[in-house]
Amino acid sequence: MEIILKKKISEAVKILFNNDIQDELIQLQETRKDFRGDFTLVVFPLLRFSKNTPEKTGELIGNYLVSHFEAISRFNVIKGFLNLEVADSWWIDYFKNIAGGLDPLSAAQVSKPEIILVEYSSPNTNKPLHLGHIRNNLLGYSLYRILSSCGHKVIKTNIVNDRGIHICKSMLAWQKFGNGETPETSGMKGDHLVGKYYVLFDKEYKAQTEQLINQGMSENEAKNNAPFMKEAREMLLKWEAGDKEVVDLWKTMNSWVYAGFDETYRKLGVEFDRIYYESETYKLGKEIVLSALKKNILYQNDDSSIWADLSNEGLDQKLLLRSDGTAVYMTQDLGTAVDRYNDYKFNKSVYVVGNEQNYHFQVLRAILKRMGYEWSDGLIHFSYGMVELPEGRMKSREGTVVDADDLIAEMQDTARDVSLELGKLTGFSNEEKDDIFRKVGLGALKYYILKVDPKKNMTFNPAESIDFNGNTGPFIQYTYARIKSVFRKAEQMNITEDLAGIGKASVGKKEIDLIRLLRKFPEIVSEAASEYSPALIANYCYELSKEYNQFYHDFTILGETDASIRNFRLVLSRVTSEVIFRGMWLLGIEMPERM
RNA sequence: GGUUCCGUAGCUCAGCUGGAUAGAGCAACAGCCUUCUAAGCUGUGGGUCCCGCGUUCGAAUCGCGGCGGAAUCACCA
């Protein structure tokens, strides 16, 4: 529509003012709700051609369009804005088009599909997942759905940080205090069990450090000389040397953690196509670093540590291999990146990683570029903000972390309480109820997190996140469930949709408002894909749901006596529910058929 | 100090390829359940869009300069 309209406007300008104008000067937008009309032309840019007042110019163009373009039925001019009204027949035709089973996503397809890796989650294997990981997982998974819905080939990957001193810490504490405790004997989830020993290590380590400080050591000395730290370091060396006992323990404890993570991932509804382990990629990283050193891309210090000098790119010196030859975080990431390119020859590789690592990824790209990997341009750090609590940042040492499993359970419990209090779901089996509570509780959590702009830090208010009223996931789910209910009722009444009858229906403003919103969907999806922002879709789904709820309250649907009007509303309801479903699906949010 | 990000209603957030009177939700107050789900709908109050300058017919939106906040600049990951 817009394209034809623009053509007509440019034709009008040519005939009225005798000028060929560029497309950019024709600023066409949807008319604001509080004005009469469907599309609005901003006439200011055209004044220099018309050499007339804004009002007069608008009027001239409006008159031309009404008499030369049958789709435009009326117009009005307010200040410099020409509001055009599209004939109802056009809306009906348009609507029949999208109602006839046209996939709302087909318009969002990209012309050149790419191979895109999306890395997300990236847990450490020494403690359970927390609220920050939830944001990461939800963003990553939703990104996957959005990008692949646009036609890209997307590979979901996870890099598990399964090596390093932090793992040895839990292992050591388990050896000292564990008495052979396992997930089976303790009844604890594996990741929580290992996390418990990580905390124990820290506690004991702190005590030891304090003792040494009291004996007169400086803080740094004490930290380095505490027996626990020494033992942990020894353990790391043994691990790198392949010591059987250490490696076996490492394997055992990691397997506990993986089982725990899998459970959390399953509850969250996220999954991966390929998992990389740092214990496997760090060696490649070392090789890359060493060969780059030979080519004089890097330099070596007297203590034989290896560095990259990025100072002429506005970055600092960056350590790549320690003086004892062991790998650091950056070494592993270099290895992982090369590994991945060899595996997939990706066009883009998206890292869903918190903004605290902005610098790290700047450096990663710069080093790869310098090493001659042209594909490094395709590395994208999808940087998201921290999740803070009303009291401030989460601190594991102060016990203010919100545990992922606890939170999920709590959301489901709240969904149950609210639902029962409202007296819903009588006559359902316990399985059916639990399924709905799960969808609603999780929907609330996911929506709450995904609706905010990823790059912004967000505040997680526990009391508010469990609110199910207003701009929330359950509100959107509720809208969907309600539409489903209309259709169940219609079935009972033997009412079926009749697209053919719709032409006779009178098109009201409410209907047009809904259709206008519906037609935006593909545009929103492509925008979300190019901006990497699920939040756009979340806010759209809310807007659509709100619009529908208002529509629903203003009219009866099944009770409408005029069949053509009833059909119009019925089909409109169905299309709305399909788009809502699709939008929420892109966010990874499940929709209950009733609630 | 360098770099990156953020600053919109009491609170949580939309809006940002420049357009009309800046929008939702929460919280407060007032209404609406014999008709398809009230997890809803309607209404009232609430704003120096951090500040200043610039570009423009027009700036919350773009540019520059401040101010405030966050992150980061480790032989941690």
Side-chain angles (χ1 to χ4, degrees), chain A residues 24 27 29 31-32 34-35 40 42 44-45 47-48 54 78-81 83 122 124 126 161 163-167 278 301 303 305-307 314-324 326 328-330 332-333 354-360 362-363 381 383 385-386 388 390 393 415 418-419 421-422 424 440 444 448 451-453 455-461 463-465 467-479 481-490 492-493 495 527 535-536 538-540 542-543 546 549-550 552-560 569-570 573 594-595:
Chain A
E24 300 89 75
Q27 289 183 31
Q29 54 196 253
T31 303
R32 282 178 65 111
D34 26 354
F35 293 91
T40 294
V42 186
F44 289 109
L47 296 185
R48 55 183 156 124
I78 295 166
K79 295 193 207 169
F81 299 90
N83 300 321
S122 322
N124 288 356
N126 62 333
N161 180 9
R163 66 169 287 275
I165 190 85
H166 56 287
I167 314 293
E278 292 195 343
N301 255 355
D303 62 3
S305 55
I306 299 176
W307 297 75
L315 304 166
D316 292 325
Q317 317 282 322
K318 184 74 195 176
L319 175 84
L320 296 182
L321 275 184
R322 294 195 185 99
S323 48
D324 63 2
T326 55
V328 293
Y329 179 41
M330 185 60 76
Q332 295 163 181
D333 253 12
N355 61 12
E356 56 197 349
Q357 293 191 30
N358 286 354
Y359 184 74
H360 174 81
Q362 249 179 297
V363 173
H381 177 204
S383 163
M386 305 280 94
E388 284 158 11
R393 204 180 171 186
V418 171
S419 186
E421 196 176 320
L422 290 170
K424 307 233 169 179
V440 172
Y448 185 86
K451 76 171 174 182
V452 331
D453 183 346
K455 67 175 177 292
K456 286 187 179 174
N457 287 1
M458 66 177 288
T459 314
F460 181 85
N461 188 328
E464 208 177 284
S465 66
D467 194 350
F468 293 173
N469 300 315
N471 187 356
T472 64
F475 169 73
I476 300 168
Q477 291 172 318
Y478 167 76
T479 308
R482 184 190 245 175
I483 295 174
K484 287 292 166 182
S485 162
V486 168
F487 280 88
R488 281 192 294 272
K489 183 82 179 193
Q492 281 173 21
M493 295 165 70
I495 299 173
E527 195 182 341
L536 293 169
N539 285 296
Y540 169 82
Y542 174 67
E543 206 182 324
K546 188 163 172 59
N549 268 290
Q550 292 168 358
Y552 181 93
H553 275 271
D554 284 356
F555 302 112
T556 65
I557 296 169
L558 302 174
E560 173 62 57
R569 293 179 185 163
L570 203 56
S573 297
R594 30 185 127 204
M595 61 185 277

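Residue numbering restarts at 1 for every chain, and letters A, B, ... go by the order of the sequence lines.
A heavy-atom distance below 4.5 Å is found between the side chains of F81(A) and V42(A). Put simply, the side chain of N301(A) does not reach to within 4.5 Å of the side chain of S323(A), judged on heavy atoms.
Closest heavy-atom contact between A481(A) and R488(A): O-NH2, 4.2 Å.
Comparing the C1' positions of C51(B) and G7(B) gives a spacing of 12 Å, expressed to the nearest Å. Of the C1' atoms belonging to A30(B) and G65(B), the separation is 48 Å, rounded to the nearest Å. Remark: the separation of the P atoms in C11(B) and G47(B) is 13 Å, to the nearest Å. G25(B) and G68(B): their P atoms are spaced 35 Å apart (whole Å). Comparing the same atom, P, in G2(B) and in U17(B) gives a spacing of 30 Å after rounding to whole Å. Remark: the separation of the P atoms in G46(B) and G23(B) is 14 Å, to the nearest Å. Atom name P, nucleotides U48(B) and G43(B): the rounded distance is 24 Å, in whole Å. If you take atom P in G15(B) and the same atom in G52(B), they sit 25 Å apart, rounded to whole Å.
Distances shorter than 4.0 Å separate some side-chain N or O of R322(A) from OP1 or OP2 on C76(B). Between K546(A) and G25(B) there is a side-chain N or O to OP1 or OP2 distance below 4.0 Å. Between T459(A) and C13(B) there is a side-chain N or O to OP1 or OP2 distance below 4.0 Å. Contact check, R482(A) against A38(B): a side-chain N or O comes under 4.0 Å of OP1 or OP2. For K79(A) and U21(B), the shortest distance from a side-chain N or O to OP1 or OP2 is below 4.0 Å. Note on R393(A): a side-chain N or O is less than 4.0 Å away from OP1 or OP2 of A71(B). For C57(B), neither phosphate oxygen OP1 nor OP2 lies less than 4.0 angstrom from any side-chain nitrogen or oxygen of R48(A). In this structure, R594(A) does not reach the C36(B) phosphate: none of its side-chain N or O atoms is under 4.0 Å from OP1 or OP2.
In this structure, the nucleotide among G23(B), C73(B), C76(B) sitting nearest to the side chain of D316(A) is C73(B). The nucleotide whose nearest atom lies closest to any side-chain atom of Y359(A) is, among C73(B), C36(B), C5(B), C73(B). Among C13(B), C36(B), A77(B), the nucleotide with an atom closest to any side-chain atom of Q332(A) is A77(B). In this structure, the nucleotide among C5(B), G15(B), U35(B) sitting nearest to the side chain of K455(A) is C5(B). Side chain of K424(A), nearest nucleotide from U37(B), C76(B), G19(B): U37(B). Taking the side chain of F35(A) as heavy atoms from C-beta on, and the options U42(B), A77(B), A20(B), the nearest nucleotide is A20(B). Here the nucleotide nearest the side chain of H553(A), chosen from C41(B), G19(B), C13(B), is C41(B).
In this structure, F468(A) has its ring center no closer than 6.0 Å to that of Y478(A).
Base engagement by F44(A) is indicated by at least one non-hydrogen atom pair under 4.0 Å involving a base atom. Base engagement by S419(A) is indicated by at least one non-hydrogen atom pair under 4.0 Å involving a base atom. Nucleic acid contact for Y540(A): none, since no nucleic acid atom lies under 4.0 Å from a heavy atom of the residue. Here Q357(A) lies in heavy-atom contact (under 4.0 Å) with a base. Within the nucleic acid shown, Y542(A) comes within 4.0 Å of sugar-phosphate atoms alone, with no base atom in reach, counting heavy atoms only. Here T326(A) lies out of heavy-atom contact (under 4.0 Å) with every strand. Nucleic acid contact for I306(A): none, since no nucleic acid atom lies under 4.0 Å from a heavy atom of the residue. Among the protein residues, V452(A) comes within range of the sugar-phosphate backbone only, with heavy atoms under 4.0 Å from sugar or phosphate atoms but none that close to a base. At a threshold of 4.0 angstrom between heavy atoms, the contacts of A481(A) include nucleobase atoms, whether or not backbone atoms are also involved. In this structure, Q27(A) reaches the bases: a heavy-atom distance under 4.0 Å links it to at least one base atom across the strands shown. Residue contacts for D324(A): at a heavy-atom cut-off of 4.0 Å it reaches no nucleic acid atom on any strand shown. Contact annotation for F475(A): backbone-only contact, meaning every heavy-atom pair under 4.0 Å involves sugar-phosphate atoms and none involves a base.
In this structure, Y478(A) does not pack face-to-face on the six-membered ring of G40(B), missing the 5.5 Å centre cutoff or the 30° plane limit.
At least one donor-acceptor pair under 3.5 Å links the side chain of S573(A) to the backbone N or O of R569(A). K318(A) places no side-chain N or O within donor-acceptor distance of the main-chain N or O of M330(A), the cut-off being under 3.5 Å.
Pairing for C26(B) goes to G10(B), judged as Watson-Crick or G-U wobble with the two contacts each under 3.5 Å. In this structure, C5(B) forms a base pair with G69(B), meeting either the Watson-Crick or the G-U wobble geometry with both donor-acceptor distances under 3.5 Å. Nucleotide U37(B): unpaired (no Watson-Crick or G-U wobble partner with both distances less than 3.5 Å). Across all strands shown, C49(B) remains unpaired; no Watson-Crick or G-U wobble contact has both distances below 3.5 Å.
For A39(B), the base has no donor-acceptor partner in the side chain of T472(A) [N/O atoms by modelled type, under 3.5 angstrom].
Nearest-nucleotide assignment on RNA chain B puts the 5′-proximal partner with N83(A), out of N83(A) and P474(A). Positionally, the nearest nucleotide of RNA chain B for N539(A) lies more toward the 5' end than for the other of N539(A) and M595(A).
In this structure, the NZ atom of K456(A) is 11 Å from the P atom of C16(B), given to the nearest Å. The distance between atom CD1 of I495(A) and atom P of U35(B), rounded to the nearest whole Å, is 17 Å. Between the CG atom of D467(A) and the P atom of A27(B) there is a distance of 6 Å, rounded to whole Å. Residue H381(A) contributes atom NE2, which lies 11 Å from atom C1' of C5(B) at whole-angstrom precision. What separates CZ of F468(A) from P of C26(B) is a distance of 14 Å, to the nearest Å. Rounding to whole angstrom units, OH of residue Y329(A) and P of C73(B) are separated by 11 Å. Straight-line distance from the CG atom of N457(A) to the P atom of A70(B): 10 Å, rounded to whole Å. Rounded to whole angstrom, the span from the CG atom of N471(A) across to the C1' atom of G15(B) amounts to 13 Å.
In this structure, C16(B) shows a glycosidic angle more than 90 degrees from zero, which is the anti conformation.
N161(A) contributes atom CG, which lies 8.0 Å from atom OH of Y329(A) (distance to the nearest 0.5 angstrom).
In summary, the side chains of E527(A) and Y540(A) do not present any donor paired with an acceptor at a separation below 3.5 Å, with no hydrogens or angles considered.
Take K455(A) and apply the salt bridge (charged side-chain N to carboxylate O under 4.0 Å, His left out) test, not counting sequence neighbours, and it matches D453(A). Among residues two or more places apart in sequence or in another chain, the salt bridge (charged side-chain N to carboxylate O under 4.0 Å, His left out) test is passed with D324(A) by none.
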